[in-house]
Amino acid sequence: MRTATYKDLMNLGFPEHTSRDIIREAKRIAVKKFEEARKVDHNAVQLSKSPFDNRRLGIAPKDIVEELIGISLSEDNLESEN
């Protein structure tokens, strides 16, 4: 899974607070999707909670961040890939 950090968004020109808000919202969406998938899929190994359900974790799924900002993040812009 590809991830993005607030610093990746800052490299695109977003202010720090806005970048952190976008990551926070993307994590919230990821947790929601995880809980919905867990209800539907009874055959998979059950995790107690989403890996993104951690307020100290500063990363979010790249695809959700791209949906929120409406811009495709290139591999060159992603700090977390290095």
From [X] atom [atom1] to [Y] atom [atom2], the distance as rounded to the nearest 0.5 Å:
{"X": "Leu68", "Y": "Asp63", "atom1": "CG", "atom2": "CG", "result": "10.0 Å"}
{"X": "Leu57", "Y": "Thr5", "atom1": "CG", "atom2": "OG1", "result": "11.0 Å"}
{"X": "Lys62", "Y": "Asp8", "atom1": "NZ", "atom2": "CG", "result": "10.0 Å"}

Exercise for review: Name all residues meeting the side-chain contact (heavy atoms from CB on, under 4.5 Å) criterion together with Glu35; count only those two or more places apart in sequence or in a different chain, and write none if there are none.
Suggested key: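 Counting only residues at least two positions away or on another chain, Glu35 forms a side-chain contact (heavy atoms from CB on, under 4.5 Å) with Val31.
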Review point. Residues two or more places apart in sequence or in another chain: which of them pass side-chain contact (heavy atoms from CB on, under 4.5 Å) with Lys49?
Key: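 Lys49 satisfies side-chain contact (heavy atoms from CB on, under 4.5 Å) with Asp53 once adjacent residues are dropped.
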Exercise for review: Only counting residues at least two apart or in another chain, list the ones meeting side chain to side chain donor-acceptor pair (under 3.5 Å) with Asp21.
Suggested key: His17, Arg24
Review point. Partners of Glu16 by side chain to side chain donor-acceptor pair (under 3.5 Å), sequence neighbours excluded?
Key: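 Only Arg20 meet the side chain to side chain donor-acceptor pair (under 3.5 Å) criterion with Glu16.
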Check your understanding: Can you name the residues that form a salt bridge (charged side-chain N to carboxylate O under 4.0 Å, His left out) with Glu25, not counting sequence neighbours?
Key ->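 Partners of Glu25 under the salt bridge (charged side-chain N to carboxylate O under 4.0 Å, His left out) test: Arg28.
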At their closest point, which heavy atom of [X] faces which heavy atom of [Y], and how far apart are they?
{"X": "Ile23", "Y": "Gly58", "answer": "CG2-O, 4.0 Å"}
{"X": "Ser50", "Y": "Ala30", "answer": "OG-O, 4.4 Å"}
{"X": "Leu73", "Y": "Ala4", "answer": "CD1-CB, 4.0 Å"}

Review point. How about Phe52 and Ile59: do any of their side-chain heavy atoms sit closer than 4.5 Å?
Key: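 Yes, close enough: below the 4.5 Å cut-off.
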Practice item. Could you point out which residue of Leu9, Ile69, Leu12 forms a side-chain contact (heavy atoms from CB on, under 4.5 Å) with Ser19? Key: Leu9
